[in-house]
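Here the structure comes first, spelled out in structure tokens, and everything after it is commentary.
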Amino acid sequence: MIIEPRTRGFICLTSHPTGCEQNVINQIEYIKSKGKIDGAKKVLVIGASTGFGLASRITSAFGSDAATIGVFFDKPATEGRPGSPGYYNTAAFEKHAHQAGLYAKSINGDAFSNEIKEEVVNLIKEDLGQVDLVIYSLASPVRKHPNTGKRFKSVLKPIGEVFTNKTVDFHTGKVSEISINPAEGEDVENTVTVMGGEDWKMWMDALSKENLLAEGATTVAYSYIGPEVTKPVYRNGTIGAAKDHLEATAFTIAEDLKAINGNAYVSVNKALVTQASSAIPVIPLYISLLFKIMKENGTHEGCIEQIQRLYSERLFGGDLDLDEKGRIRIDDLEMKEEVQAAIAELWKDATSENLAEIGDLKGYSDEFFNLFGFKVDGVDYDADVNEMVQIPSIK
Ligand code: NAD
Ligand code: NA
């Protein structure tokens with residue numbers, strides 16, 4: 001079939017298998033071009049099909065020749081209806097990993113559930129024996145709690161007072177003011193339940209109970225801090241409370257892992273266009289200004305550049321360079337004072353009329369479509385494609 005982008009609000013309903021494969025190939029080529037990383041050899045990535053998790057899986061496999069198991073929640077295609085981008089990304093990743101002689105298997109299902117944890121435990125037992133790196137990169141708006149069956153929803157709201165600021169509709173370029181009402185009821189607790197550290201710890205407990213963590217095993221989860229302008233809705237908001245919880249959980253897990261000389265870290269990553277970040281008000285405007293400045297400075301990075309640097313310089317480079325709260329910071333280039341000062345200036349002036357010029361609106365929009373395999377260089381979108389692409393390891 002011929003597949004075109006069909007958008008509704010902040011989501012794209014279709015995705016393109018050839019474009020997704022090309023994205024994966026580009027990331028693989030980038031990692032190969034940067035040379036080998038003396039890193040982990042048996043790696044579990046939870047949230048492995050898009051964004052930072054996919055980049056982590058690719059960096060482990062093609063940077064360190066690692067065997068990888070990837071867990072994610074994606075939709076396969078049905079006749080005439082494309083699958084989700086993570087499904088096509090993983091199909092492409094496995095194909096290229098297998099061609100390179102690398103072990104790669106994937107499990108598609110709810111990572112929050114006991115059943116999927118058990119499936120992964122059994123797969124590690126059968127195939128790898130143990131793992132030496134666990135990347136936790138889930139981004140989900142909902143979580144069904146495995147003990148109670150209760151469904152929790154996360155929200156993106158400020159805490160305490162209404163937050164009013166500028167935002168942009170990146171499809172139209174229209175800059176407008178948005179007001180977001182503060183969290184109410186159990187919004188904060190619910191968001192912490194979904195995006196905090198409880199599930200990360202459950203994963204690590206499940207693995208360590210079965211002795212599946214190798215001596216010296218490391219686990220890393222991803223977090224975000226960001227600028228002053230997004231603080232009320234991000235870091236000081238409901239999602240920030242969840243990130244605080246995630247970051248605190250790193251210390252709990254690190255204690256548990258002492259028995260095997262292992263460790264647990266949070267890495268604070270840069271703001272990037274992903275499915276998750278496109279849905280947060282105010283952030284797309286910030287990102288479009290950020291990209292403009294960082295591209296001008298020559299310091300712009302995408303997911304793969306970020307994770308390549310995380311692995312080669314911090315995790316396996318001998319210098320974690322932790323901040324005062326014990327976190328790895330690969331958002332260092334984003335958070336540079338000059339960069340933030342330049343954005344704060346542009347922020348005041350940004351309007352629908354000038355944003356295309358003072359911000360990287362086109363870059364934002366292109367990257368959004370890239371997530372779904374569209375507008376990828378070198379892909380012939382007029383060509384007939386088979387939407388029924390399968391992930392080799394999933395029957
Ligand atoms: P993403 O949406 O691209 O990826 C999320 C992954 O989680 C996908 O593989 C998806 O299939 C999987 N997933 C979601 N729900 C699942 C479930 N119930 N079971 C199994 N898998 C599930 O997200 P991302 O932007 O790469 O974010 C990953 C992490 O990085 C998050 O913790 C996020 O807060 C953090 N982070 C993101 C940014 C950013 O700008 N996007 C910046 C810094 C940190
Ligand atoms: Na991810």
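Note that ligands are numbered from 1 as they come in the structure, with each ligand's atoms numbered from 1 the same way. One is the number of the first residue; the rest follow in order along the sequence.
- Nearest approach of Leu138 to Ala111, heavy atoms of both residues: CD1-CB, 4.0 Å.
- Taking every heavy atom of Ala139 and a limit of under 4.0 angstrom, the matching atoms of ligand 1 come to 2 (O), 5 (C), 7 (O), 14 (C), 15 (N), 23 (O), 27 (O).
- Listed for the Glu334 side chain is no donor-acceptor partner under 3.5 Å among the backbone atoms of Gly226.
- Residue contacts with ligand 1, taken as heavy atom pairs separated by less than 4.0 Å, involve Thr274 solely via side-chain atoms from C-beta onward.
- Both Ile307 and Leu272 are part of a single hydrophobic cluster, where members link through side-chain heavy atoms under 4.5 Å apart.
- Inclusion of Ser223 in the set of residues having an N or O under 3.5 Å from an N or O of ligand 1 is not warranted.
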> Yes or no on side chain to side chain donor-acceptor pair (under 3.5 Å) for Thr68 and Arg57, after CA distance, side-chain angles and deciding distance?
Replying inline: CA-CA 7 Å; Thr68 59; Arg57 191 176 193 186; 3.0 Å; yes

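- Residue contact check for ligand 1: Gly86 places no non-hydrogen atom closer than 4.0 Å to it.
- An N or O contact shorter than 3.5 Å links Gly109 to ligand 1 by distance.
- Residue Lys150 holds its NZ atom at 6.0 Å from CG of Asn190, rounded to the nearest 0.5 Å.
- Considering backbone and side-chain atoms together, Phe73 places an N or O closer than 3.5 Å to an N or O of ligand 1.
- The proximity of Arg143 to ligand 1, defined as any non-hydrogen pair under 4.0 Å, does not occur for either the backbone or the side chain.
- Geometrically, ligand 1 and Ala271 share no nitrogen or oxygen pair separated by less than 3.5 Å.
- Between Phe112 and ligand 1, no pair of N/O atoms sits closer than 3.5 Å.
- Of the charged side-chain nitrogens involved, none lies within less than 4.0 Å of a carboxylate oxygen, so that Lys144 and Asp110 do not count as a salt-bridged pair.
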